Number of protein chains: 2
Amino acid sequence: MLKDSRSQPEDLSTLYQEGSSAANQKREQILQGAMQVFLQSGYAGTSMDRVAAEAGVAKQTIYSHFQDKEGLFKALMEQVTLDRFRSVFCLEDFEGDPAVRLRQLAEIYLTKVADQNYLALTRIIIGESERFPALARLWTSTVIHRGRSLLSRYFDAHPELGIEDSEAMAHIFFGSLVSFMLTQEMLYGKELIPIERDRVVTTLINLILKSSREE
Amino acid sequence: MLKDSRSQPEDLSTLYQEGSSAANQKREQILQGAMQVFLQSGYAGTSMDRVAAEAGVAKQTIYSHFQDKEGLFKALMEQVTLDRFRSVFCLEDFEGDPAVRLRQLAEIYLTKVADQNYLALTRIIIGESERFPALARLWTSTVIHRGRSLLSRYFDAHPELGIEDSEAMAHIFFGSLVSFMLTQEMLYGKELIPIERDRVVTTLINLILKSSREE
DNA sequence: GTCTATAATTAGATAGAC
DNA sequence: GTCTATCTAATTATAGAC
């Protein structure tokens, strides 16, 4: 997935194995420790010594599984991103009355992303998007793109909503939710500009429903 | 503004002076160099050596103007944030026909934030929001809060739009624009999920106008 | 205040025993 | 593969001359 000639090409294979061998168990142990440190301190702010300590392995053990700090970071972030992607879109049965389902979708999303681990992942993807563009591209291609496509197809399946540009509308719907998470949860809006999420969700859904009744 | 007992309390005063004295000129020179490096490499990824080289001063000169790396970073980010705040909201004459003005506002905003310097600033505010919460709070209190208030008051001044919750609507309006910038410009959506900004802006404005005609 | 030179620490990465 | 011990370079910060 991520272009990195220096990393082992079989990086991804381990994602689909339950760390059965002893070597893979160490590998998972390293990734677990690396996640704690990288997500909390960022790429440059993380030292291999701290990763080794957090993972409970010797530093050299890390270097026998990953080429270098950059290789470890990329492998970790790729795994975490794909995990997140799979966990967010397990809701395949996206059907039913828009007034109910759209609100439900918004509630589920906003509840899910309020989690500190998710916030840390989002923070680092954005923060490192310049130095690690491949990670940002993976995030955009999976998490963002799939989310929008799902919603866009739902809009297309409900012509009674009278939506002319379903892709643009999906952009607006998710965009409003993303920026709510961003400002309220990540940038301390919750304490500085408090606003109940229900007001935003209700306004957003009414906007779509009322606009459809006008057709 | 930012609580930092170790920084010189007169930090902010220099923001309103044109570096007249020789000392202040050096100080501005340092901040200019620091901006290049910090915005490009992040806090942990920046070394004082590189800042000194970029600013064209000796490293010790930096330490005679700022207490340490953290103090320099905070002073720089505070200045840049407040500068950005002032430059974005010079549009005090926000009046006129909604169909025209709202589109104009969106166009101006999206054009402005596509700039690489603005993107870098946004990236670092988000990326460092955990380690430097005071910076994120300053950003939220100024840039985000003022932008929303301005739009919210505009909505209130136009009851013909039939907006019940103007604050929530301002959240949605700006949120859609912010997330457009975020995904398209910063997270490589432009090349991965291309969508013309006009489609989003038009859909957003039609949403508001059509919903009002339904009243 | 500003510079050159340097201290003290920590970083990423490796050698070699087992 | 995994560990302990170590190398080399880079880092933050400071001393001391001018």
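Everything numeric here is computed off the predicted structure, so don't read it as measured data. Throughout, a chain's letter reflects where its sequence line sits, starting with A, and its residues are numbered from 1.
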Checklist outcome for this item: To the nearest angstrom, the OH-P distance between Y63(A) and dA5(D) comes to 19 Å

Item to check | Protein-nucleotide distance (M48(B), atom CE; dT11(D), atom C1'), rounded to Å | outcome: 11 Å

Checklist entry - Is there a donor-acceptor contact under 3.5 Å from the side chain of S152(A) to the main chain of R148(A)? => result no

Checklist entry - Can a salt bridge be assigned to the pair E95(B) and R101(B) using a cut-off of 4.0 Å between side-chain N and carboxylate O? => result no

Checklist entry - For the pair made of CD1 in I62(B) and P in dA15(D), what is the distance, rounded to whole Å? => result 17 Å

Checklist entry - Going through the distances and angles, do R197(A) and T202(A) end up as a side-chain hydrogen bond (donor to acceptor under 3.5 Å, both in side chains)? => result CA-CA 9 Å; R197(A) 82 178 193 192; T202(A) 298; over 6 Å; no

Next on the checklist: Applying side-chain hydrogen bond (donor to acceptor under 3.5 Å, both in side chains) to R146(A) and S141(A), what does each step give before you reach the verdict?
Outcome noted: CA-CA 7 Å; R146(A) 297 300 180 95; S141(A) 304; over 6 Å; no

Next on the checklist: What range of DNA chain C does chain B touch, first nucleotide to last, counting atoms under 4.0 Å from its heavy atoms?
Outcome noted: dT2(C) to dT4(C)

Item to check | First encountered from the 5' end of DNA chain C, between R50(A) and Q60(A) | outcome: R50(A)

Checklist entry - Considering residues at least two apart in sequence or located in another chain, which fulfil the side-chain hydrogen bond (donor to acceptor under 3.5 Å, both in side chains) criterion with S179(A)? => result none

Item to check | Donor-acceptor side-chain pairing of S41(A) and R131(B) below 3.5 angstrom | outcome: no

Next on the checklist: Under 4.0 Å, heavy atoms only, any strand: does K59(A) hit a base, just the sugar-phosphate, or nothing?
Outcome noted: base

